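Everything below concerns the one structure shown next.
Chain A is the first sequence line, chain B the second, and so forth, proteins listed ahead of strands; every chain is numbered from 1. Note that the coordinates shown come from a computational prediction; the quantities given were computed from them, not determined experimentally.
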There are 2 protein chains.
Amino acid sequence: MTRKNRGAPPTNESRTWVPVTIRDVAKVAGVSTGTVSNVLNRPDIVAEATRRRVLEAVETTGFIRNTQAYQLRGGRSHTVGVVVLDVSNPFFTEMFRGAESSLQAEGYVLMLASTDDSVEREASFVRAMEEHRVEGILITPAAADLEGLAGLRTRGVPTVLLDRKAAADEFCSVTVDDVRGGELAARHLFDMGHTRIVFFNGPTTIRQCRDRRQGVRKAVRALSKRSPREASELSVGALTVRHGEEVVERILSMVPRPTAVMCANDLLALGVLRGLASRDVRVPEDLAVVGYDDLIFGSMLSPALTSVRQPAFELGVAAAELLLDEVRNPEHRHREVRFEPELVVRASSSTAP
Amino acid sequence: MTRKNRGAPPTNESRTWVPVTIRDVAKVAGVSTGTVSNVLNRPDIVAEATRRRVLEAVETTGFIRNTQAYQLRGGRSHTVGVVVLDVSNPFFTEMFRGAESSLQAEGYVLMLASTDDSVEREASFVRAMEEHRVEGILITPAAADLEGLAGLRTRGVPTVLLDRKAAADEFCSVTVDDVRGGELAARHLFDMGHTRIVFFNGPTTIRQCRDRRQGVRKAVRALSKRSPREASELSVGALTVRHGEEVVERILSMVPRPTAVMCANDLLALGVLRGLASRDVRVPEDLAVVGYDDLIFGSMLSPALTSVRQPAFELGVAAAELLLDEVRNPEHRHREVRFEPELVVRASSSTAP
DNA sequence: AGTGATACTTGACACGTTTCAATCAGTGGA
DNA sequence: TCCACTGATTGAAACGTGTCAAGTATCACT
């Protein structure tokens with residue numbers, strides 16, 4: 001009934017701040033709660049004088065609207081969940097920035113979680129976000145199948161897959177054509193005059209790795225019609241710098257020795273470059289190197305790294321647009337927005353063998 | 001019957017999901033809502049048979065607890081806000097990962113926002129987070145003063161400053177000793193036998209830049225007692241690669257020419273390296289280079305970049321711990337957790353002049 | 001059978017907000 | 001003076017959950 005200490009000035013020592021409600025504001029302004037609510041939500045229908053009085057009361061009391069109550073009453077949560085595989089990977093943070101830029105403009109706050117490839121963690125985050133009644137979820141699924149996301153679909157939580165395709169009636173998705181990317185990189189090396197290259201791949205359980213491999217093979221098949229081309233394949237357990245560095249030995253001992261190596265991502269390529277530098281193998285004269293992802297740091301190396309650029313920021317923007325459409329448009333249809341990768345040629349591959 | 005409806009692809013129209021409440025579960029299980037609540041929150045006090053029946057009903061209905069209602073009733077939001085200057089900066093994402101690792105274990109979900117140095121954006125995010133009743137906020141303030149955060153303090157929202165010190169009675173904070181870091185780097189160069197170095201700084205409006213400069217001056221003062229040491233200071237408007245590259249000309253034209261340059265961060269250093277490479281100046285023989293931040297990519301350059309490492313991940317962990325203490329411990333006292341930077345010596349500075 | 005104790009279950013209320021039908025005050029017209 | 005009308009304000013209901021005093025059923029023991 002009578003609240004303790006309402007409006008008492010908070011001292012540094014005693015943290016006796018009691019949340020101020022719309023009722024407190026009403027009391028101070030000498031109006032009803034309904035009027036306060038109207039001032040906040042439909043200022044036009046309330047008389048000028050009252051409005052001023054209420055706003056003043058809001059100011060003096062330091063009122064901050066309680067979103068939970070608002071939402072419970074039927075309002076929207078203005079929250080979107082984002083679930084990625086790894087926040088420390090620049091590709092994902094760029095995507096996040098893209099999504100953020102679109103969604104913040106619409107008044108949304110983003111919840112971010114990083115699964116580190118763990119299906120269990122993913123499930124737990126998605127669960128938590130559903131409990132928070134997020135209006136939608138952007139997600140890079142950790143598992144190969146989409147079984148774990150079935151609940152989202154049946155419960156009608158708007159969901160957009162990031163860098164992962166889904167069947168048309170399941171989810172919206174934004175993707176990059178990895179087959180095309182692999183093809184671009186391989187073609188470039190062949191065009192530069194290389195005939196024997198190595199495709200240095202990551203684990204083929206990862207879809208991106210499979211697709212890029214397929215692109216490389218496609219390029220080999222297409223170009224071999226004129227003159228023989230060859231791409232040996234080499235695969236390691238993870239897409240890290242360390243794995244890249246460790247495999248250099250194997251590449252150099254191949255007979256006949258390849259003249260170029262195409263890496264499944266930039267981290268592998270950075271490792272390769274490091275390994276080569278320590279063995280005094282010149283790049284690109286002795287061995288040309290191409291990466292994938294176009295991390296900003298690749299351009300600062302000497303030689304600068306040729307790479308396949310993925311429009312991460314734009315991916316995020318597109319995902320946000322799809323989500324907003326699904327949230328607002330009753331006639332929304334799921335669809336896939338597919339981006340084209342782009343080859344960025346730099347010094348590490350610009351000399352003919 | 002159970003086939004998908006091929007004729008009409010699904011639109012939003014067919015999303016006939018109505019939110020399942022605790023009341024629906026109660027009806028299905030044939031008990032009261034109170035019992036369902038008990039099963040969910042204090043399973044021990046409800047009879048085995050009833051509990052099983054209720055859990056089964058939860059399963060079949062697909063019930064997901066509404067956090068807003070829970071919280072409105074007096075529960076906690078299990079949400080923490082994180083506000084950083086730039087999500088695409090690896091330093092901040094590492095810090096985020098650190099905080100995430102601690103907070104997720106405690107069942108918290110994180111809201112992330114990136115201010116891009118804008119005080120207005122910061123204010124708007126903090127406001128939104130307060131409306132969401134986050135239990136606490138980790139923030140890298142955009143403004144020089146902490147005026148904009150005064151509201152957080154008076155309202156008693158637990159807040160921890162990231163990489164920014166506050167007066168003892170204001171907020172908790174986690175920081176790295178930038179004075180010490182600047183001193184470490186400068187001392188290292190002097191110890192290697194350099195006597196005339198350049199301190200290549202960013203804008204001194206940034207606290208970190210001021211502190212690092214102070215460290216450099218301290219090293220000069222201390223070591224000059226034996227034999228003369230000198231550090232010219234040079235400052236540019238932003239800590240970017242481009243600014244680093246552009247300033248190379250000025251450094252090379254100094255008379256007498258310095259033998260080493262210490263940069264206020266790694267991005268500047270990367271730019272300097274690039275500029276030097278294009279002018280055939282050898283590193284470290286002609287000019288030694290030291291950076292700050294120890295971005296992972298600096299170690300991959302040749303020559304690899306000497307740098308001052310900041311324990312970003314640990315910073316995040318510490319911030320989370322401070323926040324949790326402030327949230328849970330009634331006798332919490334604000335304090336500063338200060339980390340020591342660490343010099344990582346690599347090839348770019350390992351030769352005497 | 002009566003008594004008390006034990007073990008569950010119930011149902012109303014509170015949380016802070018929005019909404020909406022109802023009320024009130026004021027104005028102008030007849 | 002009465003009526004109709006407009007514009008402004010009110011007050012109570014509802015959202016989904018957790019709590020807790022009060023209730024019921026069951027059982028053991030005399």
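The aromatic rings of B:Phe171 and B:His334 sit tilted, their planes meeting at an angle between 30° and 60°.
Considering only side-chain atoms of B:Leu72, the nucleotide from D:dT19, C:dC15, C:dT17 that sits closest is C:dC15.
Under the 4.5 Å side-chain criterion, counting only non-hydrogen atoms from C-beta, B:Ser173 is not in contact with B:Arg164.
With rounding to whole Å, A:Arg133 atom CZ is found 9 Å from D:dG16 atom P. If you measure from atom CD of A:Gln68 to atom P of D:dA14, you get 23 Å, rounded to the nearest angstrom. The nearest whole Å value for the distance from the CG atom in A:Asp24 to the C1' atom in C:dT17 is 13 Å. Atom-to-atom, CZ of A:Arg52 to P of D:dA8 comes out at 14 Å; the value is rounded to the nearest Å. Rounded to whole Å, atom C1' of C:dG16 lies 11 Å from atom CZ of A:Arg65. As rounded to whole Å, 15 Å separates atom P of D:dG18 from atom CZ of B:Arg76. Atom CD of B:Gln71 and atom P of D:dG18 are 12 Å apart (whole Å). Atom CG of A:Asn66 is separated from atom C1' of D:dT17 by 14 Å (rounded to the nearest Å).
Judged by the 6.0 Å and 45° rule, A:Arg65 forms a cation-pi pair with A:Tyr70.
Around the CD atom of A:Glu59, the shell of radius 6.0 Å holds no more than 12 heavy atoms that belong to other residues, nucleotides or ligands. The environment of CD in A:Glu106 is crowded: more than 12 heavy-atom neighbours from other residues, nucleotides or ligands sit within 6.0 Å.
Taking CG of A:Asp24 as the reference point, atom OG1 of A:Thr33 lies at 11.5 Å (rounded to 0.5 Å). One finds the CG atom of B:Asp325 at 7.5 Å from the SG atom of B:Cys172 (value rounded to the nearest 0.5 Å).
Close to C:dT18, at under 4.0 Å from its OP1 or OP2, lies no side-chain N or O of A:Arg42. Proximity of B:Asn41 to the phosphate of D:dG18: a side-chain N or O atom is located under 4.0 Å from OP1 or OP2. Put simply, B:Ser37 has a side-chain N or O that comes within less than 4.0 Å of OP1 or OP2 on D:dG18.
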Show me the protein contacts with nucleotides 9-13 of chain D, counting only N or O atoms at under 3.5 Å.
residue, atom, partner, partner atom, Å
D:dT9, OP1, A:Thr50, OG1, 2.3
D:dT9, OP2, A:Ala47, N, 3.1
D:dT9, OP2, A:Thr50, OG1, 3.4
D:dT10, OP2, A:Ser32, N, 2.8
D:dT10, OP2, A:Ser32, OG, 3.2
D:dT10, OP2, A:Thr35, OG1, 2.7

For nucleotides 21-25 of chain D, list the nitrogen or oxygen atoms of the protein found under 3.5 Å from its nitrogen or oxygen atoms, one pair per line.
none

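Contacts classified as salt bridge (Lys or Arg N to Asp or Glu O under 4.0 Å) and involving residues 141-150 of chain A (residues at least two apart or in different chains) are not found.
Checking each of B:Leu149, B:Thr140, B:Leu138, B:Leu322 against B:Leu161 for a side chain to side chain contact (heavy atoms under 4.5 Å, CB included) leaves exactly one that passes, namely B:Leu149.
Checking B:Glu48 against B:Gly74, the closest nucleotide of DNA chain C that is more toward the 5' end is the one next to B:Glu48.
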